[in-house]
Amino acid sequence: MDYRRTYLRDLFNLAPGSKTSAYGWIKTRRDSKTVHFVQLSDGSTFQDLQVVIPEGLLSEAVLKTLTTGASVRFDGEIVQSPGENQPIELLASGAEVYGPADPAEYPLQKKGATMEFLREIGHLRGRGNTFGAVFRVRNAAADAIHQFFQKRGFNYINTPIITASDAEGAGAMFQVTTLVGHEETKDGLRYKLDKTDPAEDFFGKPSYLTVSGQLEAETLALGLTNVYTFGPTFRAENSNSARHLAEFWMVEPEMAFCSLEGNMNLAEEFLKEVIATVMERCPKDFEFFNQRIEPTLFETLNHVVNSPFERLTYTEAVKMLEASGESFEFPVGWGTDLQSEHERWLTEKKVGRPVILTDYPKEIKAFYMRQNEDGKTVRAMDVLAPRIGEIIGGSQREERLDVLEARIKELGLPIEAYWWYLDLRRYGSVPHAGFGLGFERLLMYITGMKNIRDVIPYHRTPGSAEF
RNA sequence: UGCCGCAUAGCUCAGCGGUAGAGCAGCUGACUGUUAAUCAGCGGGUCCCUAGUUCGAAUCUAGGUGCGGCAGCCA
């Protein structure tokens with residue numbers, strides 16, 4: 001067998017009378033007096049192929065194995081379907097079952113399963129409607145992201161996954177070490193520390209899984225002008241929420257000769273174009289999401305694509321929140337970070353579409369963000385989306401050597417570790433900006449899925465690394 | 001990590017002190033160009049675990065484990 005070059009989705013374009021073969025997994029089967037009906041799926045499209053098997057064509061033994069979950073090839077002819085739910089169907093003239101699936105044990109049923117249960121059978125859930133659609137859309141979105149940047153002359157770069165600079169400050173990190181072994185004790189498996197001197201560790205110093213490729217991306221932007229990363233990112237925070245993962249995929253563009261305004265423009269264009277492209281490419285999947293997952297999906301996504309994002313400064317947002325008359329659980333006040341309820345009020349009640357907030361107090365943002373002339377705020381931006389909150393976080397970077405050095409010292413960060421980062425400001429420094437976008441958060445937004453664990457094949461969260 | 005909730009058949013759930021139930025799925029049969037087909041019958045349980053209260057615990061109490069929701073951390 002060669003690899004598949006045509007898929008079930010291609011069969012739907014064949015003219016009646018065409019002879020062909022259909023490969024896939026059986027979703028359901030219905031029997032009638034003179035024919036058997038099989039719903040066949042290969043993941044290439046949301047729509048199943050209905051295969052019609054005339055009575056008497058197959059032996060009783062083969063027929064018995066044509067059950068939900070079985071993998072099979074049908075040979076036959078494309079014919080117009082008298083049924084209402086499909087334009088064409090495959091009239092079978094032969095079948096080969098590759099792998100049967102015992103119907104008494106096969107866990108995926110054609111009727112209602114909860115997301116929690118499907119998560120437990122993550123190795124099989126891709127065969128169902130929901131996760132077939134999720135992973136097709138994930139693929140289409142990844143492709144749209146590359147196209148978006150490639151069309152605009154951005155260079156795709158890969159920043160290190162293992163980093164020895166613990167200086168990124170974006171959260172708790174996973175340590176990478178070869179000094180820890182295991183041993184079997186009377187209390188079970190236990191860790192054993194082979195050596196204690198970091199100098200003897202693999203990299204000669206403590207090293208970690210990256211929490212962001214931003215600092216490295218900046219170095220390449222200051223040479224290639226516009227770059228982006230799209231890769232795995234790790235956070236060791238003990239986060240137990242529907243929108244956090246310990247391992248997730250992040251998109252990080254970084255642009256030289258670019259201000260915060262350019263950064264906002266890119267973020268807005270990015271979200272609009274990726275959403276529009278994916279919707280156009282996967283219409284059947286979106287119909288499903290809109291019908292079964294999130295009934296306001298079409299409405300909100302079309303709105304996002306067709307109207308300008310609201311742009312507000314942090315200070316303006318705080319004033320609006322204070323004037324809102326809402327009774328929030330947490331008080332609103334200039335200088336404190338906005339709570340989920342505040343963001344939700346802004347995006348869902350006040351504005352009704354994504355909001356870009358800028359110019360946050362420097363105390364609640366990272367050291368590398370460019371300071372404003374007021375001495376109090378920095379050129380930060382967060383893109384907040386209704387339903388899921390923060391989807392993008394970015395900033396114009398501090399390009400002035402003296403200001404950056406002063407800020408690093410002020411925060412008590414180890415200035416020696418930033419020697420190469422400071423070199424960028426020493427030689428040919430330039431205003432530059434960029435942002436980080438959580439790929440899975442974007443997918444939650446465009447599919448309507450409610451839990452981030454359901455837009456990635458296998459989620460890594462505290463206490464959970466199955467599959 | 002904090003607060004709250006849930007855990008009963010393969011799945012979704014009801015039962016909430018008196019000895020185990022429904023729908024769906026599975027199996028068998030009937031019927032039918034079917035569309036989450038329909039109808040009839042059959043099989044299916046460590047009621048999450050441990051300890052306690054009680055004549056008696058799926059049901060009440062305590063601890064544990066797992067899962068979920070909200071919040072925090074953030075993308």
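Because the structure is a prediction, the values reported are computed rather than measured. Because only heavy atoms are used, hydrogens play no part in the values below, and waters and symmetry mates are left out as well, while side chains stay in. Below, chains carry the letters A, B, ... as their sequence lines are ordered, and counting in each starts from 1.
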Q) Starting at CD of A:E116 and ending at C1' of B:rG69, how long is that distance when rounded to a whole Å? A) 10 Å
Q: Round to a whole Å and report the spacing from CD of A:Q50 to P of B:rA37.
A: 11 Å
Q: Please state whether the base of B:rU1 and the side chain of A:N240 form at least one donor-acceptor pair under 3.5 Å?
A: yes
**Q.** Span that lies between the C1' atom of B:rG33 and that of B:rC47, in whole angstrom
**A.** 44 Å
Q. What distance, rounded to whole Å, do you find between the two P atoms, one in B:rG69 and one in B:rG26?
A. 30 Å
Do any side-chain atoms of residues 383-395 of chain A form donor-acceptor pairs under 3.5 angstrom with protein atoms, and if so which ones, sequence neighbours left out?
residue: A:R387; atom: NH2; partner: A:M444; partner atom: O; Å: 3.3
residue: A:R387; atom: NH2; partner: A:Y445; partner atom: O; Å: 2.7
residue: A:S395; atom: OG; partner: A:R397; partner atom: NH1; Å: 2.7

Q.
For a quick check of understanding: with a heavy-atom distance under 4.0 Å over all strands, which category does A:E252 fall into, base, sugar-phosphate or nothing?
A. nothing
Q.
Check this for me: does the side-chain of A:E84 come within 3.5 Å of the base of B:rG33 through a donor and an acceptor?
A. no
Q.
Under a 4.0 Å threshold between the charged nitrogen and the carboxylate oxygen, would A:K362 count as salt-bridged to A:E398?
A. no
(Q) Under 4.0 Å, counting only non-hydrogen atoms across every strand here, what does A:P107 touch: a base, just sugar-phosphate, or nothing? (A) nothing
Q) Over how many whole Å does the gap from A:N85 atom CG to B:rA37 atom P extend? A) 11 Å
Q | Which nucleotide in B:rC27, B:rU32, B:rA75 has an atom nearest any side-chain atom of A:P103 | A | B:rC27
Q. For the ring pair A:F439 and A:F230, is the centre-to-centre distance below 6.0 Å?
A. yes
(Q) What contact category does A:K64 fall into here, base, sugar-phosphate, or nothing, at under 4.0 angstrom with non-hydrogen atoms? (A) sugar-phosphate
(Q) Tell me whether A:F439 and B:rA75 count as stacked here, given that the ring centres must be under 5.5 Å apart and the planes must differ by less than 30 degrees. (A) no
Q | Whole-Å C1' distance, B:rC3 and B:rG72 | A | 11 Å
Q.
When you measure from the side-chain N and O atoms of A:R125 to the phosphate of B:rC11, is any distance below 4.0 Å, counting only OP1 and OP2?
A. no
Q. When we call it a touch if two heavy atoms are under 4.0 Å apart, what does A:G83 touch: a base, just sugar-phosphate, or nothing?
A. base
Q: Taking only the side-chain nitrogens and oxygens of A:R243, find out if one of them lies under 4.0 Å from OP1 or OP2 of B:rG72.
A: yes
Q.
OP1 or OP2 of B:rC74 versus the side-chain N and O atoms of A:K365: is any pair under 4.0 Å?
A. no
Q) Looking at A:R453, does any N or O in its side chain come under 4.0 Å of the phosphate oxygens OP1/OP2 on B:rG68? A) yes
Q: Take A:N238 and A:N240 through the side chain to side chain donor-acceptor pair (under 3.5 Å) test and state the conclusion after the steps.
A: CA-CA 6 Å; A:N238 190 7; A:N240 290 287; 3.3 Å; yes
Q. How is A:E440 classified with respect to the nucleic acid when contacts are heavy atoms under 4.0 Å: base, sugar-phosphate, or nothing?
A. nothing
Q. Heavy-atom distance under 4.5 Å between the side chains of A:E310 and A:R353, does that happen here?
A. yes
Q.
For a quick check of understanding: with a heavy-atom distance under 4.0 Å over all strands, which category does A:F37 fall into, base, sugar-phosphate or nothing?
A. base
Q: Take A:I452 and A:F330, find for each the nucleotide of RNA chain B with the closest heavy atom, and name the residue whose nucleotide sits nearer the 5' end.
A: A:F330
Q) What does A:S241 touch in the nucleic acid at a heavy-atom separation under 4.0 angstrom: a base, only the sugar-phosphate, or nothing? A) base
(Q) I need the full list of side-chain hydrogen bond (donor to acceptor under 3.5 Å, both in side chains) pairs touching residues 113-123 of chain A, with sequence neighbours left out, sorted by first then second residue. (A) A:R119-A:D454
Q: Find which nucleotide of RNA chain B each of A:E105 and A:S32 is nearest to by heavy atoms, and output the residue with the more 5' nucleotide.
A: A:E105
Q. Taking only side-chain nitrogens and oxygens of A:R119, does any of them come within less than 4.0 Å of OP1 or OP2 of B:rG68?
A. yes
Q: Anything below 3.5 Å on both distances counts as a pair; with that, list the stems of at least three consecutive Watson-Crick or G-U pairs involving RNA chain B.
A: B:1-7 with B:65-71, B:10-13 with B:21-24, B:26-30 with B:38-42, B:48-52 with B:60-64
Q: With heavy atoms under 4.0 Å as the rule, sort A:N451 into base, sugar-phosphate or nothing.
A: sugar-phosphate
Q) Under 4.0 Å between a side-chain N/O of A:N238 and OP1 or OP2 of B:rU1, yes or no? A) yes
(Q) Can you tell me if A:S239 touches the phosphate of B:rC74, counting only side-chain N or O atoms and a distance under 4.0 Å to OP1 or OP2? (A) no
Q | B:rC60 versus B:rA71 - spacing of their P atoms, nearest Å | A | 29 Å
Q) Would you say B:rA75 has OP1 or OP2 under 4.0 Å from some side-chain N or O of A:T233? A) no
Name every donor-acceptor pair, under 3.5 Å, that has one atom in a side chain of residues 131-139 of chain A and the other anywhere in the protein, sequence neighbours excluded.
residue: A:R136; atom: NE; partner: A:D285; partner atom: OD1; Å: 3.2
residue: A:R136; atom: NE; partner: A:D285; partner atom: OD2; Å: 3.1
residue: A:R136; atom: NH1; partner: A:G43; partner atom: O; Å: 3.0
residue: A:R136; atom: NH2; partner: A:D285; partner atom: OD1; Å: 2.8
residue: A:R138; atom: NH1; partner: A:E440; partner atom: OE2; Å: 3.1
residue: A:R138; atom: NH1; partner: A:V455; partner atom: O; Å: 2.8
residue: A:R138; atom: NH2; partner: A:E440; partner atom: OE2; Å: 3.0

Q: Can you tell me, in whole Å, how much space there is between the C1' of B:rA51 and that of B:rG68?
A: 27 Å
Q. When the distance from CZ of A:F117 to P of B:rC13 is rounded to whole Å, what number comes out?
A. 12 Å
(Q) Within the structure provided, determine whether A:V79 and A:I88 are in side-chain contact (heavy-atom separation under 4.5 Å). (A) no
Q. Which part of the nucleic acid does A:L442 contact within heavy-atom distance under 4.0 Å: base, sugar-phosphate only, or nothing?
A. nothing
Q: Check the angle between the aromatic planes of A:F46 and A:F288 and answer parallel, tilted or perpendicular using the 30° and 60° thresholds.
A: tilted
**Q.** P spacing across the pair B:rA9 / B:rU59, given as an integer number of angstrom
**A.** 15 Å
Q. Between A:F149 and A:F154, how do the two ring planes meet: parallel, tilted or perpendicular, split at 30° and 60°?
A. tilted
Q: Nearest whole angstrom, please: distance from the C1' of B:rU35 to the CZ of A:F46.
A: 13 Å
Q.
Measure CG/A:L124 against P/B:rA25 and give the value in whole Å, please.
A. 20 Å
Q) Which of residues 335-342 of chain A sit near RNA chain B, with a heavy atom under 4.0 Å from it? A) A:Q339, A:S340
Q) Should the ring pair A:F328 and A:W345 be called parallel, tilted or perpendicular, given that the plane angle runs from 0 to 90° and is split at 30 and 60? A) perpendicular
Q | Check: A:V62 main-chain N/O paired with A:T65 side-chain donor or acceptor under 3.5 Å | A | yes
Q. Between B:rG26 atom C1' and A:R29 atom CZ, what is the distance in whole Å?
A. 14 Å
Q | Sugar-phosphate only, base, or nothing, as touched by A:S81 at under 4.0 Å among non-hydrogen atoms | A | base
Q) CD of A:Q39 versus C1' of B:rU35: gap in Å, rounded? A) 6 Å
Q. Can you tell me if the side-chain N/O atoms of A:R30 get under 4.0 Å from OP1 or OP2 in B:rA37?
A. yes
Q | B:rA57 to B:rG23 separation - C1' atoms, rounded to the nearest Å | A | 27 Å
Q: Using the C1' atom as the reference point in each nucleotide, state the distance between B:rG45 and B:rC11 in Å, no decimals.
A: 14 Å
Q | Test side-chain hydrogen bond (donor to acceptor under 3.5 Å, both in side chains) applied to A:K450 - qualifying residues, sequence neighbours left out | A | A:E294
